[in-house]
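Below you'll find the structure, written out as structure tokens, and then a few comments.
Computed from heavy atoms alone, side chains included, the values below leave out hydrogens, waters and symmetry copies. Each chain gets a letter, A, B and so on, in the order the sequences are listed, and its residues count up from 1.
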Amino acid sequence: MPELPEVETVARGLQREIAGRRILTVTLGKTDFIDNPTEIELNLPTRTIERVERYGKFMLLRLTHPTAKEPSALLVHLGMTGSLMPRPVAQPHAKHTHVVFLLDDGRELRYVDPRRFGRMAFLAGPRLQEELLRFGADPLESTREAFVDLIHSRHSRSKALLLDQSVIRGVGNIYADESLWRAKIHPAKTGASLKPAQIKLLYTKLQEILRKAIALRGSSISDFLGSDGLPGDYQQHHRVYDREGKPCFRCKTPIRRIIVAGRSSHFCPNCQKAPRSQKRRRKRSQIRRQKRHKRRK
DNA sequence: CTCGATCCCTGGACGC
DNA sequence: TGCGTCCAGGGATCGA
């Protein structure tokens, strides 16, 4: 559930709380969500958390070491239910605490994640660079022109494109649905089928929503809390997400929920007109496939 | 390139 | 009250 605004909220909180702290020891519980548990145990102690950044839905804990020259970082993805917070050593460990970093100020940085859909990895040097290159543009840093190109050049459905971290990094189900509603784009419309003006509007709305959500410390559905334990408030501003059957804020038409790109997608069937038909889409992609086939021959 | 299906995992919702 | 069942959801992976 944590998407860009929630991760930004947590990252800012951690930057304030733990930047400059040195890690003394690491204790691991379950490790099936960690790329390389041994490397974490080996490399994290003695390193200092220089600063905490957000990278898409990841938190990037930039690390320094007295002798190591290569840049290194701890990548943390919160998945659906992850949290990373500093706690007093005396405080009992919450259930599903899987990673504990003892800090040089006597506190513990704890990773808790009931479902373990998160991810953790220690990366350094070229491997770190390589990993970061797998992801697409940050929606808040991309230019409008680049964003339009990105979407317009693809034949995937708009919802799939927004969710694809290798295209745009940081957007998840909530902010995809919310931005498509604001831009009046049906989630099943393909990027290529959109007019540039529509994509420009999507870009603007997506940025507006993300900035507003960051200002409100994210959306707290289920139980998301920032690193200082405060909930977010953006859920008050949701227009379609989790509002199936409720009236559209623009036209009162009941909001619908369908599965697009394997994810539940909420939209207004009146404001967000459906593409002509699935059949035609299939036919078109078949034609493209044949063209490519011929070209190869 | 793009798609759908499947798996991972647990807690919350729901039915009885 | 308690038990069983279903489902959500980000991402990796695989076959079509």
Side-chain angles (χ1 to χ4, degrees), chain A residues 1-7 10 29-36 54-59 75-84 94-99 111-121 130-132 134-136 149-178 187-194 218-225 235 238 240-245 257-266 275 277-296:
Chain A
M1 200 278 306
E3 305 179 21
L4 189 153
E6 292 78 30
V7 179
V10 175
K30 291 192 178 169
T31 58
D32 55 357
F33 62 98
I34 303 177
D35 286 25
N36 42 11
R54 177 189 60 76
Y55 189 84
K57 293 181 198 171
F58 282 89
M59 277 181 294
L75 254 67
V76 181
H77 194 297
L78 299 175
M80 303 283 310
T81 52
S83 73
L84 187 66
K95 202 179 170 187
H96 307 295
T97 299
H98 302 303
V99 183
Y111 181 77
V112 182
D113 188 354
R115 290 188 197 175
R116 308 204 299 285
F117 270 25
R119 182 185 161 202
M120 191 177 286
E130 220 173 276
E131 178 66 23
L132 298 184
R134 295 176 47 217
F135 299 93
D149 284 350
L150 217 50
I151 301 297
H152 202 53
S153 65
R154 301 290 226 98
H155 293 277
S156 297
R157 291 166 295 186
S158 54
K159 175 67 181 271
L161 290 172
L162 287 174
L163 291 183
D164 187 336
Q165 301 300 300
S166 70
V167 177
I168 310 283
R169 76 175 111 106
V171 178
N173 215 27
I174 295 175
Y175 299 99
D177 283 3
E178 292 298 318
K189 283 274 259 178
T190 64
S193 75
L194 297 172
S219 301
S220 282
I221 58 169
S222 67
D223 51 8
F224 169 77
L225 297 175
Q235 67 280 6
H238 291 179
V240 285
Y241 187 80
D242 206 20
R243 293 196 64 246
E244 184 181 14
R257 186 177 80 100
I258 58 172
I259 302 296
V260 180
R263 291 283 170 262
S264 68
S265 303
H266 311 77
S277 83
Q278 290 293 329
K279 274 183 198 160
R280 177 154 332 172
R281 238 172 62 71
R282 290 226 182 80
K283 200 178 271 177
R284 269 196 227 126
S285 67
Q286 231 174 40
I287 292 165
R288 281 199 304 276
R289 204 171 300 137
Q290 282 161 4
K291 278 185 187 164
R292 271 200 299 277
H293 202 65
K294 277 181 197 162
R295 242 179 278 140
R296 245 177 269 137

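Remark: A:E3 CD to A:L163 CG distance equals 8.0 Å, nearest 0.5 Å.
Dashed line: the shortest gap from a side-chain N or O of A:H96 to OP1 or OP2 of B:dT10 is not under 4.0 Å. Contact annotation: A:R134 side-chain N/O to C:dG11 OP1/OP2 distance is not under 4.0 Å. Phosphate contact (OP1/OP2 of C:dG10, side-chain N/O of A:R263, threshold under 4.0 Å): present. In this structure, A:Q165 reaches the C:dG11 phosphate: one of its side-chain N or O atoms is under 4.0 Å from OP1 or OP2. For B:dG4, the OP1/OP2 oxygens have a side-chain nitrogen or oxygen of A:R157 closer than 4.0 Å. Applying the 4.0 Å criterion to OP1 and OP2 of C:dG10, one finds that A:Y175 has every side-chain N and O outside that range. Under 4.0 angstrom from either OP1 or OP2 of C:dG10 there lies no side-chain N or O belonging to A:R116. Phosphate contact (OP1/OP2 of B:dG11, side-chain N/O of A:K95, threshold under 4.0 Å): present. For A:T81 and B:dT10, the shortest distance from a side-chain N or O to OP1 or OP2 is not below 4.0 Å.
Spacing between atom CZ of A:R257 and atom P of C:dA8 amounts to 5 Å, rounded to whole angstrom units. One interatomic measurement links the two molecules: CE of A:M80 to P of B:dC7, which rounds to 19 Å at whole-angstrom precision. Residue A:L150 contributes atom CG, which lies 13 Å from atom P of B:dC1 at whole-angstrom precision. Rounded to a whole Å, the CG atom of A:D242 is 8 Å from the P atom of C:dG9. Taking atom CG of A:L75 as the reference point, atom P of C:dG11 lies 12 Å away to the nearest angstrom. Rounded to whole angstrom, the span from the CG atom of A:L163 across to the C1' atom of B:dC3 amounts to 14 Å. To the nearest angstrom, P of B:dC1 lies 11 Å from CG of A:D164. For the pair A:R119 CZ and C:dT13 P, the computed distance is 10 Å after rounding to whole Å.
For the ring-ring contact (aromatic ring centres under 6.0 Å, His included) test, residues two or more places apart in sequence or in another chain that qualify with A:F58 are A:H77, A:F135.
Although no hydrogens or angles enter the test, the distance criterion places no donor-acceptor pair under 3.5 Å between the side chain of A:S156 and the main chain of A:L161. A donor-acceptor pair is defined here as one N or O able to donate and one able to accept, closer than 3.5 Å; no such pair exists between the side chain of A:Q165 and the backbone of A:G136. Remark: the backbone N or O of A:G79 is not paired with any side-chain donor or acceptor of A:T81 at under 3.5 angstrom.
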Restricting to nitrogen or oxygen on both sides, can you table the protein-nucleotides 2-6 of chain C pairs closer than 3.5 Å?
none

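Comment: A:D177 engages A:K159 in a salt bridge, judged by a side-chain N to carboxylate O separation of less than 4.0 angstrom.
Among C:dG10, C:dA8, B:dT2, the nucleotide with an atom closest to any side-chain atom of A:R115 is C:dA8.
The aromatic ring of A:F117 does not sit over the base of C:dG11, since the test of centres under 5.5 Å and planes under 30° is not met.
Nearest heavy atom pair, residue A:G191 against residue A:H152, reads O-ND1, 3.6 Å.
Between A:H98 and A:Y111, the ring center distance fails the sub-6.0 Å criterion.
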